[in-house]
Amino acid sequence: MCRNIHTLHNFEPAATDDEVHAAALQYVRKISGTTKPSKANAEVFDRAVEEIAHVTRHLLEDLVSTAPPKDRETEAEKAKARSAKRFAAA
């Protein structure tokens with residue numbers, strides 16, 4: 001899966017519409033194999049992004065979890081530490 005798509009479930013505060021849209025855009029880019037569609041495909045591309053964002057929002061609203069919500073800053077720090085470790089080994 002695309003590395004730019006981040007987990008959006010079980011965060012406090014909840015994922016914003018911009019985060020959901022960005023994840024949908026990255027997904028459509030990955031699936032279509034293009035970051036910028038041709039004029040002939042722009043409408044289909046944009047519609048796919050909007051539909052996936054819509055479904056994603058419903059998914060996030062309907063998912064349940066017994067785990068406590070994650071903190072964005074803590075998760076970002078963990079990701080930076082993993083990245084530093086991975087690239088230091090290279």
Side-chain donor or acceptor of [X] paired with backbone N/O of [Y] under 3.5 Å:
X	Y	result
Arg72	Pro13	yes
Ser32	Val28	yes
Asn10	Pro68	yes

From [X] [atom1] over to [Y] [atom2], what is the distance, rounded to the nearest 0.5 angstrom?
X	Y	atom1	atom2	answer
Thr56	His9	OG1	NE2	13.5 Å
Leu25	Phe45	CG	CZ	5.5 Å
His21	Gln26	NE2	CD	11.0 Å
Leu8	Thr16	CG	OG1	8.5 Å
His54	Asp17	NE2	CG	11.5 Å

Evaluate the side-chain contact (heavy atoms from CB on, under 4.5 Å) criterion for residues Lys70 and Thr7: first the C-alpha distance (whole Å), next the side-chain angles of each, then the deciding distance (0.1 Å), finally the verdict. CA-CA 10 Å; Lys70 296 177 261 185; Thr7 301; 3.7 Å; yes
Does Glu61, at its CD atom, have more than 12 non-hydrogen atoms belonging to other residues, nucleotides or ligands within less than 6.0 Å?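 Above 12, so yes.
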Report the C-alpha distance between Arg57 and Glu19 in whole Å, list the side-chain angles of each, state the deciding distance to 0.1 Å, and finish with yes or no for salt bridge (Lys or Arg N to Asp or Glu O under 4.0 Å). CA-CA 10 Å; Arg57 175 55 67 198; Glu19 289 173 313; over 6 Å; no
Below 4.5 Å, heavy atoms only, C-beta onward: do [X] and [Y] meet side chain to side chain?
X	Y	value
Phe11	Leu60	no
Lys78	Thr74	yes
Val49	Tyr27	no

Residues Glu50, Arg47: salt bridge by 4.0 Å N-O rule: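 No, this pair does not count.
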Search all heavy atoms of Pro37 against all heavy atoms of Ala42 and return the closest pair with its distance.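 The answer is CG-CA, 3.9 Å.
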